[in-house]
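These numbers were taken from a predicted model, which means no experiment stands behind them. Read the numbers this way: they start at 1 and go in the same order the structure lists the ligands and their atoms. Starting from 1, each residue takes its place in the sequence as its number.
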Amino acid sequence: MNPDIVKERQNATFNVEKLTNILDGSPEKTRRRREIESMVLNDPDFQEQDPNFLSRSERYDQAVRKSAQMILKLREFGISDPDEIYYYKNCVHPDRPEPLDLHLGMFLPTLLNQATPEQMDRFFTPAWNLQIIGTYAQTEMGHGWWRCSQRASCSATTPTVLPALTSEDWRPQATFDPATQEFVLNSPTISSIKWWPGGLGKTSNHAIVLAQLHTQGNCHGLHAFIVPIRDMDTHVPLPGIVVGDIGPKFGFSEVDNGFLKLENVRIPLDNMLMKYAKVEPDGTYVKPPSAKLTYGTMVFIRSMIVGQSALALAKSCTIAIRYSAVRHQSELKPGEPEPQILNFQTQQHKLFPVLATAYAFTFVGQYMKQTYNRISGDIHEGDYSGLPELHALSAGLKAFTTWAANGAIEVCRMSCGGHGYSRSSALPDIYVEFTPTCTYEGENTVMMLQTARYLLKSYSQARGGQQLQGSVSYLSRLQPQPVSAGVPPLNIQDLASLVQVYQLRAANLVELAATSIQQELQLRHSQEDAWNSSAIDLVRASDAGLLSVPQALQVSAHIKELLIQLRPNAVALVDAFDLNDKKLNSVLGRYDGNVYEHLFEWARHSPLNASEVPPALTIIVIIKHNQLIGSFFPRSTSLSTST
Ligand SMILES: CCCCCCCCCCCCCCCCCCCCCCCC(=O)SCCNC(=O)CCNC(=O)[C@H](O)C(C)(C)COP(=O)(O)OP(=O)(O)OC[C@H]1O[C@@H](n2cnc3c(N)ncnc32)[C@H](O)[C@@H]1OP(=O)(O)O
Ligand SMILES: Cc1cc2nc3c(=O)[nH]c(=O)nc-3n(C[C@H](O)[C@H](O)[C@H](O)COP(=O)(O)OP(=O)(O)OC[C@H]3O[C@@H](n4cnc5c(N)ncnc54)[C@H](O)[C@@H]3O)c2cc1C
């Protein structure tokens, strides 16, 4: 154990185990989490080669092998609680998305939420047993954006009358053919080819495909269809299915994100998910109680991503803070030993806010999950009243927490200096695997605009005298104040006072956006144009804060005090996240702090070190021997035979 890190733990002023129990929810939950963790981490079937030293295809193969083992073990150990599945999966594939994520995270949940009992028997049971492997295909090459309900322009005609049609007409179509009781699915244009779905490229044999429903000559907007894409025995693509991998990406190397072109693919009537909307055998369309129910799985994942932001931050600051406790640099005072870099105020100012945010997001993630479970329970009982708030909250928190975490991971990486750039630190991987959360499940700006839409509606209800409930109740209670009204009193030591100032600021910003829309409406006479011209106000918090200059200085001084208070407990606070070394997989973030010897050991495994003279360098040796440089170089291929 590194002596610095031992000393850090001795100096801590609280019981780490108790805090871990609070983060987990209870001592029993901590015990169970550790039990699951040891099932995976001590299981030889999950041994792996360090993916940093593998090619993409090797990474994919290794991930598929581990995922298949995972499904067998989940079954063997009878693990079926979604939280426990999620936890088990995160231990099997720490920090890395894997080919079955979409199957577990979106295919199964969409069936649970939108399939009829008959469809549950036909699809969910085999999917749970991994006979059916599914993905969720919404995004297309030309559009990530969909409308859940029918628009007047939605048409089933061919592209000969292009000017009269909108982009929605060129999305994938599912046209009901009553003669055969089948839907015929087509991707009418290149841009309507499904693009991005995880596990689609090579792994899945079924896809939930989102397409425009056409029946009896009418278009009814976006609906979900279960489409078999590969033969269940041979895994070869079925007729009319053009499918494959979209190629290497920034990260997600283990995942076969794919493309899918549908060419007159026929599926039976009862492959449309019909818990809510229905098509009768004669083609009659039965409306769902709410068109937005089609988007239910996205709300589920958005809610889950809030907790993922917390986990990514917890990992990043554990690595950076432990490393900062064992790394020594420079001299604070001439002649004295080099201090731990964690003693530099600037290092604390980088890392302690990240630590605080990791804690805050952990609790926000728990709140989001509880809210999701409560409101989706109501929805299952037929009460849809909570849906708008759930949508606005999950969209807004998904965007806010992923943006914040995305930036903070990079702060942690840079705070580790050069070693943060090495893949051995794990920080580059955490970043590349996390950053697409800002894009997928709804691009963040688009999600913020959805939340803004809800806030503006709530604002106008509050101005109309309604008493609002839930997360927007502050809009009923607070009267937005013009900046000229002066600054509100603030006690920065008092949480209630801080919350009040935040609420007032939020109310002011909503008012600002509403005013902008009103002004734009007078100029542009179209609600949509006025909305777009006010989008910056809608999305971005304005620069006008509510604090006076002396208050802002007071905050700054208080932050410095807090840094000093936190310093002795910094390592203990990250220890409380209880991230096992194998799960963290970071040379810099090791629990024992023995960084340098393991950094050296790790580097020796680099494939480039497999031989002292890599084969490619033999050409240099040959060139040297023959003293062949300059004009001879282009003919070097024939030179190798000359020695
Ligand atoms: C027994 C065992 C059980 C086992 C279960 C298994 C569980 C196991 C769990 C274990 C988990 C394992 C691991 C999981 C890991 C998961 C990793 C996942 C990786 C994810 C990869 C990414 C996948 C994707 O990206 S999928 C594609 C996502 N795409 C999007 O998100 C597109 C975004 N676009 C949209 O949402 C829409 O197009 C939108 C909202 C931008 C515009 O739509 P529309 O035009 O219809 O809206 P508006 O006109 O603006 O509004 C109309 C109206 O509707 C309201 N509204 C919009 N959306 C919603 C919604 N979602 N819900 C409710 N309401 C909505 C909107 O507010 C408007 O309301 P008004 O009242 O009219 O104002
Ligand atoms: C790693 C990864 C995995 C994915 N997995 C899946 C999957 O499994 N299944 C699936 O269906 N999809 C998947 N996706 C696709 C993902 O859901 C989409 O990329 C995402 O919804 C964003 O859509 P887009 O790419 O069309 O972005 P765009 O909407 O084209 O966004 C580009 C820019 O335009 C701006 N913009 C767009 N619309 C508006 C607007 N109305 N107002 C203001 N600004 C706007 C955005 O803010 C952004 O800056 C995945 C994507 C990634 C990166």
Side-chain angles (χ1 to χ4, degrees), residues 70 74 79-90 93 97-98 100-113 120 124-125 127-128 135-151 168 194-200 204 207-210 221-222 246 249-252 255 257-258 260 290-302 304-305 308 375 379 384 386-392 394-395 398-399 432-454 456-458 528 531-532 535-536 538-539:
M70 172 177 83
L74 286 172
I79 297 176
S80 59
D81 173 74
D83 283 344
E84 295 199 347
I85 296 174
Y86 182 55
Y87 196 69
Y88 194 94
K89 189 200 94 67
N90 273 344
H93 299 278
E98 46 106 3
L100 290 188
D101 270 356
L102 267 286
H103 176 77
L104 291 170
M106 293 196 82
F107 188 80
L108 291 177
T110 306
L111 291 178
L112 281 174
N113 285 331
M120 287 295 283
F124 189 86
T125 311
W128 182 241
T135 182
Y136 181 88
Q138 175 158 333
T139 310
E140 290 132 32
M141 197 192 287
H143 288 91
W145 192 92
W146 263 100
R147 284 208 182 282
C148 48
S149 51
Q150 176 191 7
R151 296 278 155 145
E168 286 174 56
K194 291 290 178 188
W195 203 266
W196 275 114
L200 171 66
S204 304
I208 290 177
V209 172
L210 282 290
L222 177 72
I246 63 168
K249 296 143 296 195
F250 193 38
F252 269 56
V255 183
N257 295 86
L260 171 67
S290 160
K292 291 134 203 172
L293 292 168
T294 319
Y295 286 163
T297 314
M298 290 190 281
V299 175
F300 164 65
I301 298 286
R302 284 170 198 156
M304 199 164 95
I305 287 174
Q308 287 182 343
I375 298 183
I379 290 170
Y384 305 106
L387 189 58
E389 182 174 5
L390 177 63
H391 166 52
S394 59
K398 179 266 191 194
V432 294
E433 307 304 6
F434 182 79
T435 191
T437 57
C438 299
T439 305
Y440 63 52
E441 290 304 345
E443 200 279 328
N444 274 359
T445 306
V446 176
M447 292 298 98
M448 283 296 197
L449 286 169
Q450 286 290 314
T451 304
R453 186 179 167 121
Y454 176 73
L456 283 194
K457 267 193 164 179
S458 305
E528 289 81 3
W531 176 267
N532 193 31
I536 298 173
L538 287 162
V539 169

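For the side chain to side chain donor-acceptor pair (under 3.5 Å) test, no residue two or more places apart in sequence or in another chain qualifies with E441. Looking at residues two or more places apart in sequence or on another chain, you find no ring pair (Phe, Tyr, Trp, His ring centres under 6.0 Å) involving Y87. Residues meeting the side chain to side chain donor-acceptor pair (under 3.5 Å) test with N532, sequence neighbours left out: none.
Every atom of ligand 1 with a heavy atom of V446 under 4.0 Å away is listed here by number and element: 41 (C). Atoms of ligand 1 lying under 4.0 Å from at least one heavy atom of R302, given by number and element, are 30 (C), 31 (O), 33 (C), 36 (O), 61 (N). Every atom of ligand 1 with a heavy atom of K457 under 4.0 Å away is listed here by number and element: 70 (P), 71 (O), 72 (O), 73 (O). Of all atoms in ligand 1, listed by their number and element, those nearer than 4.0 Å to a heavy atom of G105 are 14 (C). Residue-ligand proximity, K89 to ligand 1, at heavy-atom distances under 4.0 Å covers atoms 12 (C), 13 (C). Atoms of ligand 1 lying under 4.0 Å from any heavy atom of G442, numbered from 1 in the order shown and given with element: 30 (C), 31 (O), 33 (C).
Residue E443 does not touch ligand 1, judged by heavy-atom distances below 4.0 Å. Contacts between V299 and ligand 1, counted as non-hydrogen atom pairs separated by less than 4.0 Å, involve the side chain only. Looking at H391 against ligand 1, only its side chain comes within 4.0 Å, counting heavy atoms.
Residue contacts with ligand 1: W128 is included, with a non-hydrogen atom under 4.0 Å away. Residue S80 places a heavy atom under 4.0 Å from ligand 1. Ligand 1 lies nowhere less than 4.0 angstrom from a heavy atom belonging to G198. Taking a 4.0 Å cut-off on heavy atoms, M304 registers as neighbouring ligand 1.
Taking any N or O of Q450, backbone or side chain, at least one lies under 3.5 Å from an N or O belonging to ligand 1. At a 3.5 angstrom cut-off on N or O pairs, Q308 does not count as close to ligand 1.
The shortest distance between side-chain heavy atoms of L210 and T294 falls below 4.5 Å. With a 4.5 Å cut-off on side-chain heavy atoms, Y440 and T139 do not count as touching. Looking at heavy atoms from C-beta onward, I379 lies in side-chain contact with L293 at the 4.5 angstrom threshold. For the pair F250 and P436, the minimum side-chain heavy-atom distance is 4.5 Å or more. The side-chain heavy atoms of K292 and Y384, taken from C-beta on, include no pair separated by under 4.5 Å. Contact annotation: the side chain of K89 never approaches that of L74 to less than 4.5 Å [non-hydrogen atoms, C-beta and beyond].
Between the K398 side chain and the V299 main chain, no donor and acceptor come within less than 3.5 Å of each other.
Using a heavy-atom distance under 4.0 Å as the criterion, the protein contacts of ligand 2 are L102, Y136, A137, Q138, T139, H143, G144, W196, P197, G198, F252, N257, P436, T439, Y440, E441, G442, E443, T445, V446, L449.
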- Task: Evaluate the side-chain contact (heavy atoms from CB on, under 4.5 Å) criterion for residues Y454 and H391: first the C-alpha distance (whole Å), next the side-chain angles of each, then the deciding distance (0.1 Å), finally the verdict.
- Result: CA-CA 9 Å; Y454 176 73; H391 166 52; over 6 Å; no
- Task: Dump the intermediate steps for side-chain contact (heavy atoms from CB on, under 4.5 Å) on T135 and M106, then the final yes or no.
- Result: CA-CA 7 Å; T135 182; M106 293 196 82; over 6 Å; no
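For atom 21 (C) of ligand 1, the candidate residues are I301, D101, L102; the nearest heavy-atom contact is made by L102. When L112, L100, L74 are checked for heavy-atom proximity to atom 5 (C) of ligand 1, L112 turns out nearest.
Side chain to side chain, Q138 and Y295 fail the donor-acceptor criterion of an N or O pair below 3.5 Å.
Atom NZ of K249 is surrounded by more than 12 heavy atoms from other residues, nucleotides or ligands within 6.0 Å.
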